[in-house]
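The shown structure was predicted, so the numbers you read here are calculated from the model rather than taken from an experiment. Labels below follow one simple rule: chain letters A, B, ... track the order of the sequence lines, proteins then strands, and each chain is numbered from 1.
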Amino acid sequence: MPELPEVESYRLLAEGAALGRRISAVEVLDPRYLRSGNGIDVAGALVGHAFLAARRIGKLALLDTDGGATLGMHFGMTGTLLVDDRAGVDGLLYTAHDRSPVHERFVLRFADGGRLAMHDPRRFGRVEVDPDESRLGVDLLEVTPRQLGEVLGSSRAPLKARLLDQSLLAGTGNLIADEALWRAGLDPARQAGSLRPAEIRRLHRHLAATIDLLLSRGGSHLGDLLPARRPDGRCPRDGAALERRTVGGRTTFSCPLHQH
DNA sequence: ATTGTGGCCTGCCCGC
DNA sequence: TGCGGGCAGGCCACAA
């Protein structure tokens, strides 16, 4: 699913194509897609209003309306944002070949006849009005070395698990975590609190470089490690057989030769 | 409190 | 060719 680069492309799409258009209708095609713990009436909050700004915190896209309400969109593992049937990114696995309307879960109609839709075959995504933004930690694009040190803290959890904890560091997904740790030469399973200051700085540098690279390439699935993320995969750097494990509950590939 | 696990869903790929 | 099992980039509730 979308990691930060994909959600950023959705944000850019919304910013360029959805701002200033009056919303005329809300279609919740899948009732479970609505996360309505705060009891806010989605249609009531959106209809008649227009979006003023498109923001993003981690993997959460946020559209602020001129009525004061904010539409929050999570894309789960297979979600895509469509505006007037243009997609935010191409080449997303699982959805690239199939944008069948039956997989649309949430649609906004604009008074000008256009539409904004969330397409999500696997239905792990969610929409919510006025989501609690404080649930999310510092955004991966903005984290400082000092903040990264605080994210890791003295935790005994695996390093990778901490990087994936959205309440601490927002935006890191499984692929980006593997790619950055591979580049930084750090073992994903190491206790987070065991990193020395120099290693934290190194990790910060490689996280930043990784996200910049993937943003410029246009997708979290375009990393250098990704082609080797398969059985019998070999480290693109030194040719060693990659190790495949579950770390932090997620499938993890790493190089036993240069990641410590 | 922190850390780990199962479950949510659907589609694809592989092996039999 | 058909079918079952395993697997997938996220997140949440719950258990220990």
Q: Please answer whether B/dC8 and A/Phe124 are stacked, defined here as ring centres separated by less than 5.5 Å and planes angled under 30°.
A: yes

Q: Round to a whole Å and report the spacing from CZ of A/Arg156 to P of C/dA16.
A: 19 Å

(Q) Can you tell me if A/Arg105 touches the phosphate of B/dC9, counting only side-chain N or O atoms and a distance under 4.0 Å to OP1 or OP2? (A) no

(Q) Among C/dC11, C/dA8, C/dG9, which nucleotide has an atom closest to any side-chain atom of A/Arg35? (A) C/dC11

(Q) Output the rounded distance in Å from OH (A/Tyr33) to C1' (C/dC11). (A) 12 Å

(Q) Rounding to an integer number of Å, can you tell me how far A/Arg123 CZ sits from B/dG7 P? (A) 18 Å

Q.
Would you measure the distance from the P atom in C/dC7 across to the matching atom in B/dT5 and give it in whole Å?
A. 16 Å

**Q.** Nearest-Å distance for atom pair CZ/P, residues A/Arg32 and B/dG7
**A.** 16 Å

Q: Mind calculating the distance between CZ (A/Phe253) and P (C/dC7) to the nearest angstrom?
A: 11 Å

(Q) Please confirm whether the shortest side-chain N or O distance from A/Ser155 to OP1 or OP2 of B/dT3 is below 4.0 Å. (A) yes

Q. Are any side-chain N or O atoms of A/Gln259 and backbone N or O atoms of A/Gly185, one a donor and one an acceptor, separated by less than 3.5 Å?
A. no

Q) Which part of the nucleic acid, if any, lies within contact of A/Arg229, taking any heavy atom under 4.0 Å across all strands shown: a base, the sugar-phosphate backbone alone, or nothing? A) sugar-phosphate

Q: May I have the distance from A/Arg230 (atom CZ) to B/dC14 (atom P), rounded to whole angstrom?
A: 12 Å

Q.
Using Watson-Crick or G-U wobble geometry with both distances under 3.5 Å, which nucleotide pairs with C/dG9?
A. none

Q. In the strands shown, is B/dT2 matched to any nucleotide by a Watson-Crick or G-U wobble pair with both distances under 3.5 Å, and which?
A. C/dA16

(Q) Let's go through A/Arg245 and A/Thr252 carefully: what are the C-alpha distance in whole Å and the side-chain angles of both, what is the deciding distance for side chain to side chain donor-acceptor pair (under 3.5 Å) to 0.1 Å, and is it a yes or a no? (A) CA-CA 5 Å; A/Arg245 291 172 290 176; A/Thr252 300; over 6 Å; no

Q. So, is A/His74 close to the C/dC11 phosphate, meaning a side-chain N or O under 4.0 Å from OP1 or OP2?
A. yes

**Q.** Lys/Arg N to Asp/Glu carboxylate O, A/Asp187 vs A/Lys160, below 4.0 Å
**A.** no

Q: Among the candidates B/dT3, C/dA8, C/dC11, find the nucleotide nearest to the side-chain atoms of A/Lys59.
A: C/dC11

(Q) Between B/dC9 and C/dC14, how far apart are the two P atoms, rounded to whole Å? (A) 15 Å

**Q.** Polar side-chain atom of A/Glu179 near backbone of A/Asp224 as donor-acceptor pair, under 3.5 Å
**A.** yes

Q) Does a nitrogen or oxygen in the side chain of A/Arg162 sit under 4.0 Å from OP1 or OP2 of B/dT3? A) yes

Q) Rounded to the Å, how far apart are A/Leu159 CG and B/dT3 P? A) 13 Å

(Q) At less than 4.0 Å, is any side-chain N or O atom of A/His221 found next to OP1 or OP2 of C/dA8? Yes or no. (A) no

Q. Do the side-chain N or O atoms of A/Thr251 get closer than 4.0 angstrom to the phosphate oxygens (OP1, OP2) of C/dA8?
A. yes

Q) Hey, is A/Glu199 close enough to A/Arg196 for a salt bridge, meaning N to O under 4.0 Å? A) no

Q) Between A/Cys255 and A/His258, what is the shortest heavy-atom contact and its length? A) SG-ND1, 3.3 Å

Q. Given atom CD of A/Glu3 and atom P of C/dA8, what is their separation to the nearest angstrom?
A. 14 Å

Q.
Categorize A/Gly249 for me: base, sugar-phosphate, or nothing, with a 4.0 angstrom heavy-atom threshold over every strand shown.
A. nothing

Q.
Does C/dG9 have its OP1 or OP2 closer than 4.0 Å to a side-chain nitrogen or oxygen of A/Arg122?
A. no

